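Structure first, commentary second.
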Amino acid sequence: RDFCLSRGLGDVYKRQDYYKAKLTNRLEQCRIELIRLNDYISACPDSLTRQILTYRFVNGLSWNRVAASVGGSMTCEAAKKIAYRYICDN
């Protein structure tokens with residue numbers, strides 16, 4: 001016998017609505033956090049630090065990729081130091 005028919009479609013639809021509402025709520029929370037994160041990064045007066053913070057915490061790049069994206073002689077350790085120094089001070 002079919003699972004949906006044996007349990008009743010009403011139960012299935014109730015669960016589906018419940019999880020859809022949970023996901024919608026979580027998505028809205030993520031949007032709010034992204035706005036807060038972007039506001040925090042935008043307040044940084046140094047463009048290099050803003051760039052590093054954006055690559056790492058908005059775009060989710062690894063520290064190696066952050067350093068490569070910034071270019072020059074930037075190492076992953078230097079990028080990490082710049083980012084965490086700003087975060088600790090602010």
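All figures in this text were calculated on a predicted structure; none of them were measured in a lab.
- Remark: Lys80 NZ to Arg56 CZ distance equals 7.5 Å, nearest 0.5 Å.
- Under the rule for a side chain to side chain contact (heavy atoms under 4.5 Å, CB included), the partners of Glu33 that lie at least two apart in sequence or sit in another chain are Arg36.
- For Arg50 (side chain) and Ser42 (main-chain N/O), no donor-acceptor pair under 3.5 Å exists by modelled atom type.
- Applying the ring-ring contact (aromatic ring centres under 6.0 Å, His included) test to residues at least two apart or on different chains, none of the pairs has a partner in residues 16-35.
- Summarising the geometry, atom NZ belonging to Lys81 is positioned 9.5 Å from atom OG1 belonging to Thr75; distances are rounded to the nearest 0.5 Å.
- With side-chain heavy atoms closer than 4.5 Å counting as contact, directly or through intermediates, the hydrophobic cluster containing Leu37 also holds Leu34, Tyr40, Ile41, Leu48, Ile52, Leu53, Tyr55, Phe57, Val58, Leu61, Trp63, Val66, Val70, Met74, Ile82, Tyr84, Tyr86, Ile87.
- Taking CG of Asp17 as the reference point, atom NZ of Lys14 lies at 10.0 Å (rounded to 0.5 Å).
- Residues Cys76 and Ala67 approach most closely at N-CB, 3.6 Å, considering heavy atoms.
- Taking OG1 from Thr54 and CD from Gln51, the interatomic distance works out to 8.0 Å, rounded to the nearest 0.5 Å.
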